[in-house]
Amino acid sequence: MTDAKKLFVKTYGCQMNVYDSDRMAEALGGAGYVTTELLDEADMVLLNTCHIREKASEKLYSDLGRLRALKAAKPGLKVGVAGCVAQAEGAEILRRSPVVDLVVGPQAYHRLPEMVKAGGRQVDTDFPVEDKFSSLPDRKVSRGPTAFLTVQEGCDKFCAFCVVPYTRGAEVSRPAARILDEARGLAAQGVREITLLGQNVNAYHGEGPHGVWGLARLLRALAEIDGLERLRYTTSHPNDMEDDLIAAHGDLPQLMPYLHLPVQSGSDRILKAMNRKHTAETYLRLIDRVRAARPDILLSSDFIAGFPGETDADFRATLDLIRTVGFGQAYSFKYSPRPGTPAAEKTPVAAEVADARLQELQALLTAQQRAVQDAMIGRDVTVLYEKPGRMPGQMIGKSDHLHAVHVGDPQGRIGQLVRVRVLASSSNSLAGGKLSENP
Ligand code: 5AD
Ligand code: SF4
């Protein structure tokens with residue numbers, strides 16, 4: 001090979017960060033860096049961080065501690081911190097950790113190559129007027145048959161527990177034409193499934209031909225692209241679930257029957273304290289409408305246990321809501337106070353109470369997830385192969401409902417869509433036998 005410098009990227013947190021890491025790697029490609037999977041051979045290490053809960057940000061400092069030895073052995077090594085901890089803590093990171101050279105917030109990634117070239121220790125956590133997407137190079141590479149595509153960033157909702165409106169800033173949507181171009185480019189490289197990303201993706205309102213486009217309009221245009229067989233989007237807010245988006249779930253075959261719609265709590269008192277601006281009842285009615293449009297849709301959600309002021313009755317209301325809906329997938333978290341958010345000022349629930357509630361929540365959600373999975377046994381599903389399995393002759397892919405499915409198929413190729421009969425269900429995946437190719 002040439003004398004290209006090696007870049008090692010570690011991504012923490014959400015899918016938005018996975019997408020951003022790829023884009024940063026591409027931008028640094030222009031500055032002569034190629035990515036490596038091997039930390040030891042890196043000339044630059046980029047940590048793309050998450051600030052959503054305390055545990056997520058603590059990981060950064062433990063990793064930086066470990067990088068000290070590497071930098072001592074290799075003084076030319078550059079260390080960059082990107083993402084939401086970079087945005088929230090800025091120059092504080094340089095003070096706390098002497099190994100760090102660059103701190104760059106999510107809105108300043110297009111400046112990374114210049115920062116690297118300029119050398120020295122630098123911080124950029126500005127929110128520029130022009131959005132970062134217009135300044136980043138067009139996306140050139142994709143890995144495999146599935147891809148993420150960021151369509152909107154930031155959030156104006158200000159849920160009382162959440163740092164996103166502070167770290168990612170106000171809601172900004174990318175113009176539809178740019179998204180369609182990027183999607184066409186991905187399809188031309190063999191991508192068959194695109195997941196549209198945004199902190200508040202269903203609030204999408206991008207500039208389109210003849211006026212502003214909502215997410216439903218964008219999905220309909222994406223569905224026209226040759227080769228794109230599957231569309232997904234995440235993460236949504238219940239209050240932005242417009243009629244046309246619900247309708248799209250009923251009549252757009254490419255739109256997969258899966259919806260991640262965080263509710264956070266089933267208690268109206270807590271939802272109010274969280275500044276969610278919806279009630280348990282409005283959420284349940286919304287779910288009814290989504291299910292009317294697409295009866296087999298798999299529902300997923302986020303829950304927080306132990307939000308300040310949560311009583312046992314509030315917590316029971318959350319369990320009731322979960323039993324009423326029946327989720328096929330869910331994420332639950334213990335409330336974690338984030339500096340600067342309104343909820344962080346409130347008296348916390350005792351740690352042991354919050355821990356016990358989280359366990360109860362997780363037990364119920366895991367049982368529901370398993371029941372939904374087990375109900376797939378005997379059914380035929382479509383699977384998009386993403387990688388070879390651990391067993392010889394085995395492929396792994398995702399079903400329409402986003403279940404991981406293991407399939408014995410020695411001739412199987414990555415990127416193939418196959419029909420599979422589900423034969424077994426285990427804790428986190430299904431297994432099945434191939435019926436036919438290219439349904
Ligand atoms: N504490 C616990 N969970 C949180 N989330 C966001 N902020 C916090 C917090 N301070 C959860 C929410 C959100 C998901 C991405 O992370 O459930 O939907
Ligand atoms: Fe955070 Fe989501 Fe609420 Fe926005 S809608 S503040 S991203 S939890």
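Just so you know, ligand 1 is whichever comes first in the structure, and atom 1 is the first atom listed for that ligand.
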> Do Asp181 and Arg174 meet the salt-bridge criterion of a basic N to acidic O distance under 4.0 Å?
no
> Quick one: do Asp400 and Arg230 make a salt bridge, cutoff under 4.0 Å?
yes
> Before accepting this row, confirm whether a basic side-chain N of the pair Arg285/Asp288 lies closer than 4.0 Å to the acidic partner's carboxylate O.
yes
> At a 4.0 Å threshold, what atoms of ligand 2 neighbour a non-hydrogen atom of Phe158?
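Matching atoms, with element in brackets: 6 (S).
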> Quick one: which ligand 2 atoms are inside 4.0 Å of a heavy atom on Phe161?
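Matching atoms, with element in brackets: 8 (S).
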> Can you list the atoms of ligand 2 that are under 4.0 Å from a heavy atom of Asn200?
5 (S)
> Taking His205's backbone N and O only, do any of them form a donor-acceptor pair with Ser173's side chain (distance below 3.5 Å, no angle check)?
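Side chain of Ser173 to backbone of His205, a donor-acceptor pair under 3.5 Å: yes, one is there.
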> Name all pairs fulfilling the side-chain hydrogen bond (donor to acceptor under 3.5 Å, both in side chains) condition that reach into residues 44-57, sequence neighbours left out, sorted by first residue then second.
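Sorted pair list: Ser21-Asn48, Asn48-Tyr109, His51-Arg338, Ser57-Arg338.
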> Going by an N to O cut-off under 4.0 Å, is there a salt bridge joining Arg316 and Glu360?
yes
> Answer yes when Lys71 and Asp101 have at least one side-chain N-carboxylate O distance shorter than 4.0 Å, and no when they do not.
yes
> When you look for protein heavy atoms under 4.0 Å from ligand 1, which residues do they belong to?
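The answer is Ile52, Arg53, Phe161, Gln264, Asp302, Ile304, Phe333, Lys334, Tyr335, Ser336, Arg338, counting any residue whose heavy atom sits under 4.0 Å from ligand 1.
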> When the ring planes of Tyr233 and His249 are compared, do they come out parallel, tilted or perpendicular, using 30° and 60° as the limits?
tilted
> So do the side chains of Arg291 and Leu299 get within less than 4.5 Å of each other, counting heavy atoms only?
yes
> For Lys157, counting its heavy atoms only, list the atoms of ligand 2 lying under 4.0 Å from any of them.
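Listed by number with element, the hits are 4 (Fe), 5 (S).
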> Below 4.0 Å, non-hydrogen atoms only: which portion of Pro165 touches ligand 2? Side chain, backbone, both or neither.
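Side chain only.
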> Mind checking whether Thr235 contacts ligand 2 via backbone (N, CA, C, O), side chain (CB onward), both or neither, at a 4.0 Å heavy-atom cut-off?
neither
> Ring centroids only, cut at 6.0 angstrom: are Phe161 and Phe333 within range, meaning strictly under it?
no
> If we only count heavy atoms from C-beta on, is the Gln152 to Asn200 side-chain gap below 4.5 Å?
yes
> Below 4.0 angstrom from a heavy atom of His237, which ligand 2 atoms are there? Numbered from 1 as shown, please.
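Answer, ordered by atom number: 5 (S).
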> Any N/O/S atom from Cys159 (main chain or side chain) under 2.8 Å of atom 3 (Fe) of ligand 2?
yes
> Among all protein heavy atoms, pick the one closest to atom 4 (Fe) of ligand 2 and tell me residue, atom and distance.
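Ranking protein heavy atoms by distance from atom 4 (Fe) of ligand 2, first comes Cys155 SG, 2.2 Å.
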> Identify the closest protein heavy atom to atom 1 (Fe) of ligand 2: which residue and atom is it, and at what distance?
Cys162 SG, 2.3 Å
